[in-house]
Amino acid sequence: MENTFDRDLINEIFKRVWIRRASERDRNEIADNMDGENTEVGGATPKKSRPTSANAKALKLSCELLRLFVTEAVQRAAMIAEAEGASTIEATHLERILPQLLLDF
Amino acid sequence: MRTRVVFLSILPAQFWHFIELSKSRKNPRKKKLDFQVNRSEMDRGGGATGSEVEREDENEDLKDRFRLCTISIAEAEAKENGMEISQPIMSCVSDLAFKYAEQLAKDLELFSQHAGRKSVNMEDVILAAHRNTQLASSLRSFCNDLKAKEPPPDRKRKKSTRKVDKGPADVDVLYVPDL
């Protein structure tokens, strides 16, 4: 009955971002080294910065945060739709609540 | 149409590579990545571009899985409110939530780094929501619930208690009226 996001899925999404950022950092470091002094760090890629990781409870909490985001979006849109007397939530309803929703999260 | 397919299939591998490259040019974010690849191309070669394309596929896969989760949540929520929800709205909400998740990942990384940690904590997640007091307090109570049921490592029990715990959390979901 109670739906929430898959923890592994959220973990994968987070990891992707973190790996991307870690490799960006590495690349910048290499570029800086090349600009500064052309020393022994040529072929060997220094894998210094390991990507961030998350513990299980933090992931669960993130899932909850994202779930709240989705439920809030639906509930507020439903409120507007109800006020207009519609039975389905349409784009216009979402449009109405979107600014405040994005400010709240 | 058929002749075109045949024609494309005879194209040598280099052409495919070129097609992939020209496709990726249309995507601004990809363009930036290409640029960065070019900077360090001297010791890596062009192979990096292929992995970028692969990564993009992976991203699409993740987005689809995320969308499925969102749809089930949104439909359940809409049903509770006695409403139907149209399909485009759900994918729109899903895209929003996905972007939010990526932004959240960046925030969490920065927060944990600022604290001198290598892994993300529950405190970081609460901090990420600190702007909205009600949201933060709702997350904090969820966090306390998680802590409270820490002792039994049994999964089944965890799940059943979670159901009970989430009931009140749904009730005090914040609503800020449209002004």
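Letters A, B, ... are given to chains in the order of the sequence lines, protein chains preceding strands, and every chain is numbered from 1. Fair warning: this is a prediction, and the values are worked out from it, not measured in the lab.
- Contact check for A/K60 versus B/L146: side-chain heavy atoms found under the 4.5 Å cut-off.
- Using a 4.5 Å cut-off between heavy atoms, A/A86 touches chain B through its backbone atoms (N, CA, C, O) alone.
- Of the atoms belonging to B/L96, heavy atoms from both backbone and side chain fall under 4.5 Å from chain A.
- Residue contact with chain A, scored on non-hydrogen atoms closer than 4.5 Å, involves the side chain of B/A129 exclusively.
- For B/S86, the parts lying under 4.5 angstrom from a heavy atom of chain A are both the backbone and the side chain.
- The CZ atom of A/R20 sits 5.5 Å away from atom CD of B/E102, with the distance rounded to the nearest 0.5 Å.
- Atom SG of B/C143 and atom CD of A/E64 lie 11.5 Å apart (nearest 0.5 Å).
- Within the 4.5 angstrom heavy-atom criterion, only side-chain atoms of A/F69, from C-beta onward, approach chain B.
- The part of B/L110 that comes within reach of chain A is its side chain, from C-beta onward, which places non-hydrogen atoms under 4.5 angstrom from that chain.
- Contacts of B/Q103 with chain A are absent, with no heavy-atom separation under 4.5 Å from either backbone or side chain.
- Of the atoms belonging to A/L94, it is side-chain heavy atoms, and not backbone ones, that fall under 4.5 Å from chain B.
- There is no contact between B/R131 and chain A, counting heavy-atom distances below 4.5 Å.
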